[in-house]
Protein chains: 2
Amino acid sequence: MDQDDDHKHRNEVTLREVSAAVGLGMSTISRVLRNHGSFSQATRDRVMKAVEELGYVPNRIAGTLASSGSNLVGIVIPSLHNIVFPDLLSGAAVTLDPIGFQTVIAVTDYDLDQEQKVIQSMLAWRPAAFLVAGLEHTPRTRAMLKNSGVRIAELLDTDGEGIDIVVGFSQREAGAVSGRHLVERGYRRIGYVGPQFACDPRARKRFAGFSEVLAEAGASVVETELIGRTSSTEAGRAALERMLARTPDLDAVYFSNDDFAVGGLFHCFANGISVPSQLAIMGFNGLDIGRFAPQPLTTLRTPRTEIGEIGARMVMEPGGAKVVDVPFELVRGATT
Amino acid sequence: MDQDDDHKHRNEVTLREVSAAVGLGMSTISRVLRNHGSFSQATRDRVMKAVEELGYVPNRIAGTLASSGSNLVGIVIPSLHNIVFPDLLSGAAVTLDPIGFQTVIAVTDYDLDQEQKVIQSMLAWRPAAFLVAGLEHTPRTRAMLKNSGVRIAELLDTDGEGIDIVVGFSQREAGAVSGRHLVERGYRRIGYVGPQFACDPRARKRFAGFSEVLAEAGASVVETELIGRTSSTEAGRAALERMLARTPDLDAVYFSNDDFAVGGLFHCFANGISVPSQLAIMGFNGLDIGRFAPQPLTTLRTPRTEIGEIGARMVMEPGGAKVVDVPFELVRGATT
DNA sequence: CCACTATTTGGCAGCGCTGCCAAAAATTAC
DNA sequence: GTAATTTTTGGCAGCGCTGCCAAATAGTGG
């Protein structure tokens, strides 16, 4: 029918219209709008008035094409359902908002092929910079990123080779610190609950550091439960239940994140298992939910907001490749 | 100097380069890449090969400018720290991803002026559509959105006048249903914990529906605790503690969301208050955390993922303004 | 009052791509 | 074989803006 002809030539107000209305050249209007170059105060007022009246909205697509430089920053994260990533975004926003940069967020669902796809389509918008969670990428992703010439920061993890800027902490070391804590407190028969390793390379690294420390101390990871996609209370609760059914004499369980750990804690409450005397529980991330549980959870507080903020800052600043280590902190609660 | 020349002319591969390499006109390359119009299989192969070899990444900025139609969908939400909104995004992604649309997410922090700002700057990128949480906007926002001619869906709330498409449920009615549940189960001295009303208009509407039902039943909201920004366990826990200190003889508390409610539950566990015999607790949203708590939380499961999905679908389809009501469901747990 | 320097303005090319239409090549019909 | 199609390809204008430079205007000093 005819719903299509507004598709073509919307009666969009363009610079030309504003220019005609004010009786000044397009370049002048453009300078005023960007507050760049020189013009008189009188001109400025007239332009602003016309812009207001006509409801002119600058077209950044045209602007960017002409000036080759967008105000877009691509952010690539595996999920929004793990609080870590919204926190990362908030941190980045602290840096980016005041300087007028806009974030374009893409979610990969912990899938490197999906990551490649979203990065490719973001690249088509020629972002000024990229923030990407993690160091693991397909070779093709890495190549695209390198060739693009776009500044890129990889966040959260420092165990590995980065493309340009890397901001995070050693996941391996975080796992090791957790393991050391449990060992020092005398736990020996320890279980582990975490996501499928294929899904989350950072969890895998933590587990590696963790089990290595245990081995050195003559303890060991007696039981392992690997959970599919979700980062949920349910999964943690069910995992602990299954694990205890198989091996009732565990004395501690290390959960790959606080959501799982809280699920575990719930299982204990619901089944009269006393924590930590019968079973100790340790989480990871330092979430609010764990901190204010009836028994505060022992966990590792990760500096995710700072990582977002620092990553964004570094990617916007000139300067070469760098690695920044942002420290985490072990928080002893009442569950170990 | 010449430091300018890499700024200006990155050695970007453009259609022209590909065209030269293949020995075909630019239009042909363009058609192949968009799989639009006709070309021979041989041509397609040659083009794809050259694209691969040169590492050509199409420039959508130019493409969009030329064709006036972007593949961007703007999504505006108040926060990422309340699971409701990531769920909304996931729902929208279900619709949008397969048809090749890219989401640009902006967060307003429950601030309508901020919302206006982000919508204005998104508009500069001429998105194909907008999804916005809530019906409350500044007059200016509403005007911009209307004049833009961009298709827009307002999500989550149907109590009020929408701009174009509205997908959600009646927040008022949700509050009323919750109130009715508590009244029917015999609770009379009831407290309410929720965010500052100024922050969250949807919570305000629920509260209105809730307290109206109570009033009709001769019960009433005896105590109210309003919480600042966060949607956190801590806030809920502290609020309940303060509330009970003032008014120990409450028999039920309605929390504006499950995060608060879980905080409340934690307070009860930690202080030996037995739920629901001493104090009943009701939440809102149907989060995983509440469902798998030691005592499953009574709550109202909200269809946020579906709302995102339906909203996105409607905004992409032709057709006039519509309101879609997506039903919620009361889930009776063990806390009332 | 004029030469001379700041300040403000306008014109034009072109960013990289797509839509349109016409030209060329391949295919079919007679 | 040629005429009539159909399929494939190329050329060109222009999307709305910005960068560059030249033109106009205002301001200064002698």
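Hydrogens, waters and symmetry mates play no part in the numbers below; they use all other heavy atoms, side chains included. All of these numbers come straight from a predicted model, not from anything done at the bench. Proteins get letters first, then strands, A, B, ... in listed order; numbering begins at 1 in each.
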Between [N] ([atom2]) and [X] ([atom1]): distance, integer Å:
| X | N | atom1 | atom2 | answer |
| --- | --- | --- | --- | --- |
| His36(B) | dT18(C) | NE2 | C1' | 9 Å |
| Arg44(B) | dT7(D) | CZ | C1' | 16 Å |
| Asn59(B) | dC15(D) | CG | P | 18 Å |
| Ile29(A) | dG19(D) | CD1 | P | 16 Å |
| Met26(B) | dA13(D) | CE | P | 14 Å |
| Gln41(A) | dT9(C) | CD | P | 11 Å |
| Arg60(A) | dC17(D) | CZ | P | 12 Å |
| Asn71(B) | dC17(C) | CG | C1' | 14 Å |

* Pick base, sugar-phosphate or nothing for Ser40(B), based on heavy-atom distances below 4.0 Å to the nucleic acid. => sugar-phosphate
* To do: Answer with base, sugar-phosphate or nothing: what part of the nucleic acid does Ile61(A) contact at a heavy-atom distance below 4.0 Å?
  => nothing
* Between His137(A) and Gln116(A), does any side-chain donor sit less than 3.5 Å from a side-chain acceptor? -> no
* Asked: Does the side chain of Ser30(A) come under 3.5 Å of the side chain of Ser27(A) through a donor N or O and an acceptor N or O?
  -> no
Taking the minimum atom-to-atom distance to the side chain of [X], which one of [options] wins?
| X | options | answer |
| --- | --- | --- |
| Ser27(B) | dT8(D), dG19(C), dT18(D) | dG19(C) |
| Thr14(B) | dG10(D), dT7(C), dG16(C) | dG16(C) |
| Arg31(B) | dT8(D), dG10(D), dT18(C) | dG10(D) |
| Leu65(A) | dT8(D), dG16(C), dC17(C) | dG16(C) |
| Phe39(A) | dC17(D), dT9(C), dG16(C) | dT9(C) |

Quick check on [N]: is either OP1 or OP2 less than 4.0 Å from any side-chain nitrogen or oxygen of [X]?
| X | N | result |
| --- | --- | --- |
| Ser30(A) | dC17(D) | no |
| Ser68(A) | dC15(C) | no |
| Arg34(B) | dG19(C) | yes |
| Thr43(A) | dT8(C) | no |
| Thr28(B) | dG10(D) | yes |

* On DNA chain C, check which nucleotide each of Leu24(A) and Thr64(B) is closest to and give me the residue with the more 5' one. => Leu24(A)
Sidechain-backbone polar pair: [X] side chain, [Y] backbone, donor-acceptor under 3.5 Å:
| X | Y | result |
| --- | --- | --- |
| Thr95(B) | Glu309(B) | yes |
| Thr28(A) | Leu24(A) | no |
| Thr108(A) | Gln114(A) | no |
| Asp87(A) | Thr305(A) | no |

* **Most 5' of Ala66(B) and Gly37(B) on DNA chain D, judged by nearest nucleotide** => Gly37(B)
